Amino acid sequence: MDRDAVAQHDGCPRSHLPRRLEAALASAEHRPPHWGEPTWHGPQIVPVRLDLARSANTDFERIVLTIRLAVAAAVGRPMPAFDIALRRYWDHQHPGEPLEEYLRRDGLVTRFGRALPEQMKAALGEIAQTLALPGMLDSAVGQLTGALVRALREHRRAVSALAGGARFAHLLEADTDLETLSYYPHLLAWELARLPARKQIAPVVLLDTFEDIGDRTHREMERLLQHVVRLMPNVFFVVTGRSRLQWADPALHGQLDWTGPAAWPGLADRELTAPRAGAADPGGRRQVLIGDFSEEGCQDFLTHRLRAGGRPLIDPTPRGVISDRSHGLPLYLDLAVMRVLEYSPHRPHPRPVRLRCRLPRPDRPHPHRSHPR
């Protein structure tokens, strides 16, 4: 399932690589020469970068809207199942605030144009006409969705085109909250899949500064975003941040809805030999290290690299010393692990003092000024 999600964790300047990726995917003229010629010959690539940094103040509603806006600008036609669900949600959550006004005030109209409001209106008008309820278009979206649900339940031929959307009727009846909104991308993915060949697109969503959406104890925003990734298999997601994406860790069951190596096999490998940016394996591992590890990345690697009986072999204090002394350098961490392995299982773990040594770093650019590899 994670074949359409790639995670990159690094110590490089924030947003530098995602911005370059977005520009290069949008137009070949912005592709750096040393990246080589593009090899993609499929549908039009539609990149959209979402800045998740705290300073950007990007909430979950804006994320869903931005993805839909990018599709609207590229495809130029309504997505009826998704659009009516979104309109119902918006009217319940933002009474008296037209979606068009929100998009204009938030600067999204400037970025993506005015196509979405027009497409949503066209979708609602088409459904109202199909149900012979044209008078409900502007005044009672709730009544319109109610009539649509009844028609779907009764398997009316007039709405057969929408009947193929699994969970469509259920989502129109569910509470209009963020939890329900997080399942709407399923409808958008279904609409994208049934586009005619000449309208097909390949959306690429770049989730930038992923570490700012929460921490190891507050994962609600991450849980909602995971719904989006999981429910849109025909969209390619690139997650960039300073730490590894932990979705393949079974210990997160209960905090996230899809966890473990069975759900995310490409995110499960913790070896330092995982492909670097210059040699990513398109059919295997999906964690790509760029630059050096973050502090959290060091701790995570050392915790999981050596284990026995389900517990880390390196105690917390030595882990902290190794992490602090490594400055995130992967080679240092690997050598430190080898040093630990020199101690037999019958001897005590190395004390912090035995590990207080620095390894010379090779000549390389400063980690905060390095170029993407």
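Count residues from 1 along the sequence. Every heavy atom of this structure was used, including side-chain atoms; hydrogens, water molecules and symmetry mates were not. Just so we're clear, the structure is a prediction, and the values are computed from it rather than from any experiment.
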Flag, side chain of Arg88 to backbone of Thr176, donor-acceptor distance under 3.5 Å: no
Whether Thr303 side chain and Gln299 backbone form a donor-acceptor pair below 3.5 Å: yes
Over all atoms of both residues, closest heavy-atom pair of Leu267 and Gln287: O-NE2, 3.7 Å
Within 6.0 Å of CZ in Arg219, more than 12 heavy atoms from elsewhere: yes
Ring geometry between Tyr184 and Tyr89 (parallel below 30°, tilted from 30 to 60°, perpendicular above 60°): perpendicular
Flag, side chain of Gln119 to backbone of Ala72, donor-acceptor distance under 3.5 Å: yes
Distance, nearest 0.5 Å, that separates CD1 of Ile314 from CD1 of Ile322: 4.5 Å
Stepwise side-chain contact (heavy atoms from CB on, under 4.5 Å) test for Leu148 and Leu162: CA-CA 10 Å; Leu148 176 57; Leu162 296 174; 4.2 Å; yes
Exam field: side chain Asp249 to backbone Ala251, donor-acceptor pair closer than 3.5 Å: yes
Closest heavy-atom pair and its distance - Thr240, Glu211: O-OE1, 4.4 Å
Check: Leu52 main-chain N/O paired with Thr58 side-chain donor or acceptor under 3.5 Å: no
Side-chain donor or acceptor of Arg244 paired with backbone N/O of Phe301 under 3.5 Å: no
Interatomic spacing from CE in Met232 to NE2 in His186 - rounded to 0.5 Å: 10.5 Å
Residue from Glu154, His170, Glu173 passing side chain to side chain contact (heavy atoms under 4.5 Å, CB included) with Val149: Glu173
Over 12 non-hydrogen atoms of neighbours within 6.0 angstrom of CZ in Arg311: no
Plane angle bin for His227 and Tyr183 - parallel if under 30°, tilted between 30 and 60°, otherwise perpendicular: tilted
Ion pair Asp91/Arg87, N-O distance below 4.0 Å: yes
Ring centroid separation Trp90 to Tyr102 under 6.0 Å: yes
NE2 (His30) with more than 12 external heavy atoms under 6.0 Å: yes
Phe112 side chain reached by Leu103 side chain, heavy atoms, under 4.5 Å: no
Student check: side-chain heavy atoms of Leu333 and Cys298 closer than 4.5 Å: yes
Gap separating the CG atom of Asp177 from the CD atom of Gln93, nearest 0.5 angstrom: 7.0 Å
Pair Leu195-Arg77, side-chain contact (heavy atoms from CB on, under 4.5 Å): steps then yes or no: CA-CA 10 Å; Leu195 286 172; Arg77 60 185 291 167; 3.6 Å; yes
Minimal non-hydrogen separation, Asn234 against Ala193, with atom names: ND2-N, 3.7 Å
Donor-acceptor pair, side chain of Trp264 and main chain of Trp258, under 3.5 angstrom: yes
Derivation and outcome, side-chain contact (heavy atoms from CB on, under 4.5 Å), residues Glu222 and Phe210: CA-CA 9 Å; Glu222 184 177 358; Phe210 198 78; 4.0 Å; yes
Shortest non-hydrogen contact from Ala128 toward Leu144: CA-CD1, 3.8 Å
Chi angles and distances behind the side-chain contact (heavy atoms from CB on, under 4.5 Å) call for Leu86, Leu181: CA-CA 8 Å; Leu86 179 62; Leu181 179 63; 4.2 Å; yes
Nearest atoms (heavy-atom pairs only) where Pro47 meets Ala26: CG-N, 3.7 Å
Validation row: Arg194, Met79 side chains within 4.5 angstrom (heavy atoms): no
Ala70 to Val48 - nearest heavy-atom pair and separation: CB-CB, 4.0 Å
Side-chain (Arg31) to main-chain (Gly36) donor-acceptor, under 3.5 angstrom: yes
Electrostatic pair Glu118:Lys121 at N-O distance under 4.0 angstrom: no
N/O donor-acceptor pair under 3.5 Å between Thr209 side chain and Asp51 backbone: no
Check: Arg49 side chain, Arg19 main-chain N or O, donor-acceptor pair, under 3.5 Å: no
